[in-house]
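In what follows, a structure is listed as structure tokens, so that the remarks can point back to it.
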Amino acid sequence: MNKGYWVVAYRKVGDAAAVKEYAAVLVPALGKFGGRMLVSPTNVVTAKEAGLQQMTIVVEFDSYEIALAAYESDDHKKMLPALGSGVERDFRIAEGV
């Protein structure tokens with residue numbers, strides 16, 4: 001069974017404090033799904049080639065199916081309003097090799 005990953009780039013952040021609040025409640029909620037934060041919003045990201053300098057997170061799950069379930073979970077849906085309207089994300093759920 002291949003691992004699953006959330007790969008999220010924040011294109012626009014209107015309120016950095018809101019993102020920090022979201023991250024603070026996200027980590028414990030991900031624990032219910034065995035999610036492990038590999039890259040946090042505070043880690044350094046260096047953009048290369050056509051990449052954009054954006055805050056990025058990467059979360060690892062034991063399977064792609066679990067990664068999908070975590071995204072669709074009621075817990076995650078309840079947290080999304082904490083981001084506010086000033087956040088635009090490029091959110092991808094990817095299956096590992």
Side-chain angles (χ1 to χ4, degrees):
M1 186 177 317
N2 294 345
K3 293 188 181 204
Y5 297 88
W6 286 6
V7 181
V8 186
Y10 285 74
R11 292 181 177 166
K12 183 173 86 172
V13 176
D15 182 359
V19 174
K20 287 181 183 179
E21 281 183 41
Y22 168 76
V25 294
L26 177 65
V27 172
L30 291 175
K32 294 178 183 180
F33 294 91
R36 295 166 297 283
M37 184 80 65
L38 300 180
V39 178
S40 79
T42 58
N43 287 116
V44 176
V45 173
T46 302
K48 298 289 187 180
E49 298 183 29
L52 301 174
Q53 192 65 38
Q54 300 171 323
M55 179 173 48
T56 304
I57 69 164
V58 177
V59 181
E60 180 182 62
F61 297 88
D62 288 336
S63 74
Y64 176 73
E65 291 74 21
I66 294 171
L68 288 172
Y71 182 81
E72 296 297 334
S73 72
D74 289 338
D75 284 343
H76 184 249
K77 289 176 184 175
K78 288 177 189 173
M79 287 184 279
L80 289 175
L83 287 172
S85 61
V87 172
E88 181 181 312
R89 305 186 298 172
D90 178 348
F91 200 114
R92 297 165 190 236
I93 301 173
E95 181 180 28
V97 293

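Below, all heavy atoms of this structure are taken into account, side chains as well, without hydrogens, waters or symmetry copies.
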First locate atom OH of Y71, then atom NZ of K77, and finally report the distance between them rounded to the nearest 0.5 Å.
-> 9.0 Å
Step by step, would you call Q54 with V45 a side chain to side chain contact (heavy atoms under 4.5 Å, CB included)?
-> CA-CA 7 Å; Q54 300 171 323; V45 173; over 6 Å; no
When you look at K12 and D90, which way does the salt bridge (Lys or Arg N to Asp or Glu O under 4.0 Å) test go after all the steps?
-> CA-CA 10 Å; K12 183 173 86 172; D90 178 348; over 6 Å; no
Is there a path of hydrophobic side-chain contacts, each under 4.5 Å between heavy atoms of I/L/V/M/F/W/Y residues, joining [Y] to [X]?
X: I93; Y: V59; value: yes
X: V25; Y: F91; value: yes
X: W6; Y: V39; value: no

Could you pull out the closest heavy-atom pair between [X] and [Y], with the gap in Å?
X: S73; Y: F33; result: CB-CZ, 3.6 Å
X: H76; Y: A70; result: CB-O, 3.4 Å
X: P41; Y: M55; result: CB-SD, 3.3 Å
X: M1; Y: S63; result: SD-CB, 3.1 Å
X: M37; Y: L26; result: CE-CD2, 4.4 Å

Sidechain N-carboxylate O distance under 4.0 Å for R36, D62 | yes
Side chain to side chain contact (heavy atoms under 4.5 Å, CB included) between F61 and L30: does it pass, once the steps are laid out?
-> CA-CA 9 Å; F61 297 88; L30 291 175; 3.7 Å; yes
Given the rule in the side chain to side chain contact (heavy atoms under 4.5 Å, CB included) test, do Y22 and V87 qualify, once you have shown the distances and angles that lead to the verdict?
-> CA-CA 11 Å; Y22 168 76; V87 172; over 6 Å; no
Which is it for K3 and I66 under the side chain to side chain contact (heavy atoms under 4.5 Å, CB included) test, yes or no, and what are the steps along the way?
-> CA-CA 9 Å; K3 293 188 181 204; I66 294 171; over 6 Å; no
Show me the side-chain donor-acceptor pairs of residues 78-86 shorter than 3.5 Å, one per line, residues at least two apart or across chains.
none

